[in-house]
Amino acid sequence: MYAEFSNVGLCLQAYLYRTEKDWNELKNSPGIRLVKGAYRESASVAFPSKKDVDANYLKLALQMIETAQNGKFRPGIATHDMKIVEAIKNTVNEKKWNPASIEFQMLYGINDDGQTLLTREGYKMRVLISYGSAWFPWYMRRLAERPANVWFVLKSMFR
Ligand SMILES: Cc1cc2nc3c(=O)[nH]c(=O)nc-3n(C[C@H](O)[C@H](O)[C@H](O)COP(=O)(O)OP(=O)(O)OC[C@H]3O[C@@H](n4cnc5c(N)ncnc54)[C@H](O)[C@@H]3O)c2cc1C
């Protein structure tokens, strides 16, 4: 598809065992969005424990960011996990990597202050918003994935 459409990209889920192998085969692709993974998967294909998912996420994110130092690959680090964001920032400073080679991605409305700070520090920041006729089912799916969000939305409405 990339041969035909220059703006094509892939999303890889760090909770899948296969993702490290997929990533190794995709190093020459233009860009990849890395997420933890949102759906219920069986332990035969995905890490069941959050600790292992987080560790795999950080490992793959750092590999992608290192690859991006060639100026060709575009990593999309899609997470709201500030422990992971801090660990990435520490490695970027230590290795003197270019912050502008990294694009963090978060949902609209989640941690606005953190998003602003990242842009001030020289990182790219992309915000995902839902729009168009399918915004409502999309939004309901997000709420169903994380019931704590219902409370978050109610609080925001009253505020
Ligand atoms: C830009 C973007 C694109 C995505 N695309 C895909 C996709 O194509 N396929 C897929 O499977 N998944 C996708 N996801 C979802 C992803 O897989 C995770 O389920 C989701 O990002 C939550 O994981 P986390 O990395 O934020 O870490 P978590 O460990 O789940 O969360 C860390 C902390 O962030 C905060 N937080 C996280 N999510 C929310 C939220 N929704 N509302 C409020 N606070 C929150 C909480 O404080 C939480 O403690 C996408 C996520 C983003 C940001």
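Order of listing sets the numbers, starting from 1, for every ligand and every atom in it.
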**Asked** Which protein non-hydrogen atom lies closest to atom 50 (C) of ligand 1, naming both residue and atom, and how far is it?
**Response** Val35 CG1, 3.5 Å

**Message:** I need the atoms of ligand 1 closer than 4.0 Å to a non-hydrogen atom of Tyr39, numbered in the order shown.
**Reply:** 10 (C), 11 (O)

**Prompt:** ligand 1 versus Thr79, non-hydrogen atoms closer than 4.0 Å: side chain, backbone, both, neither?
**Reply:** both

**Prompt:** According to the interplanar angle, ranging from 0 to 90°, do the rings of Phe73 and Trp23 count as parallel (below 30°), tilted (30 to 60°) or perpendicular (above 60°)?
**Reply:** tilted

**Heavy atoms from other residues, nucleotides or ligands near CZ of Arg141 exceed 12 (cutoff 6.0 Å)** = yes

**Message:** Regarding Ser101 and Gln69, do their side chains bring together a donor and an acceptor under 3.5 Å, going by distance alone?
**Reply:** yes

**Prompt:** So with a 6.0 Å cut-off around NZ of Lys27, is the heavy-atom count from everything else above 12?
**Reply:** yes

**Request:** Tell me which protein heavy atom sits closest to atom 41 (N) of ligand 1, plus the residue, atom name and distance to 0.1 Å.
**Result:** Asn149 ND2, 3.1 Å

**Message:** Under 4.0 Å, counting heavy atoms only: does Arg33 come that close to any atom of ligand 1?
**Reply:** yes

**Item:** Tyr57, portion touching ligand 1 at heavy-atom distance under 4.0 Å
**Value:** neither

**Request:** Would you mind listing which atoms of ligand 1 come within a distance below 4.0 Å of any non-hydrogen atom of Ala78?
**Result:** 1 (C), 2 (C), 52 (C)

**Request:** With heavy atoms of Leu128 as the reference, note each atom of ligand 1 found under 4.0 Å away.
**Result:** 1 (C), 2 (C), 3 (C)

**Request:** Answer yes or no: is there a donor N or O on one side and an acceptor on the other, between the side chain of Gln115 and the main chain of Phe104, under 3.5 Å?
**Result:** no

**Message:** Taking the basic N atoms (NZ, or NE/NH1/NH2) and the acidic carboxylate oxygens, is any pair closer than 4.0 Å for Asp54 and Lys83?
**Reply:** no

**Request:** Considering only protein heavy atoms, determine whether one is less than 4.0 Å from atom 30 (O) of ligand 1.
**Result:** no

**Item:** atom 27 (O) of ligand 1: nearest protein contact (heavy atom, Å)
**Value:** Lys36 NZ, 3.0 Å

**Message:** Please list the nearest protein heavy atom to atom 17 (O) of ligand 1 with its residue and the distance rounded to 0.1 Å.
**Reply:** Gly37 N, 2.7 Å

**Item:** Taking atom 47 (O) of ligand 1 as the reference point, the nearest protein heavy atom with its distance
**Value:** Arg146 NH2, 4.5 Å

**Message:** For Leu128 versus Trp138, what's the shortest heavy-atom pair and its separation?
**Reply:** CD2-CZ2, 3.3 Å

**Item:** Shortest protein heavy-atom distance from atom 35 (C) of ligand 1, along with the residue and atom involved
**Value:** His80 CB, 3.9 Å

**Distance flag for atom 24 (P) of ligand 1, protein heavy atom under 4.0 Å** = yes

**Prompt:** Considering only the protein, which heavy-atom contact is closest to atom 8 (O) of ligand 1, and what is its distance?
**Reply:** Cys11 SG, 3.4 Å

**Prompt:** For Lys50, is the nearest heavy atom under 4.0 Å from an atom of ligand 1?
**Reply:** yes

**Prompt:** Are Ile102 and Met82 in one and the same hydrophobic cluster, where Ile, Leu, Val, Met, Phe, Trp and Tyr link if side-chain heavy atoms are under 4.5 Å apart?
**Reply:** yes

**Message:** Can you confirm, on distance only, whether ligand 1 has an N/O atom lying under 3.5 Å from any N/O atom belonging to Ala38?
**Reply:** yes

**Complete:** To the nearest 0.5 Å, atom CD of Gln13 lies from atom CG of Asp22 at 10.5 Å

**Complete:** So the atoms of ligand 1 within less than 4.0 Å of a heavy atom of Gln105 turn out to be 1 (C), 53 (C)

**Item:** Ion pair check, Glu66 and Lys95, cut-off under 4.0 Å
**Value:** no

**Item:** Identity and distance of the protein heavy atom lying nearest atom 43 (C) of ligand 1
**Value:** Ile110 CD1, 3.2 Å

**Message:** Strictly less than 4.0 Å: does any protein heavy-atom distance to atom 20 (C) of ligand 1 fall in that range?
**Reply:** no

**Asked** Can you tell me if Lys124 uses its side chain to pair, donor with acceptor, with the backbone of Ala100 under 3.5 Å?
**Response** yes

**Asked** Are Glu121 and Val92 side-chain neighbours, meaning at least one heavy-atom pair lies under 4.5 Å?
**Response** no

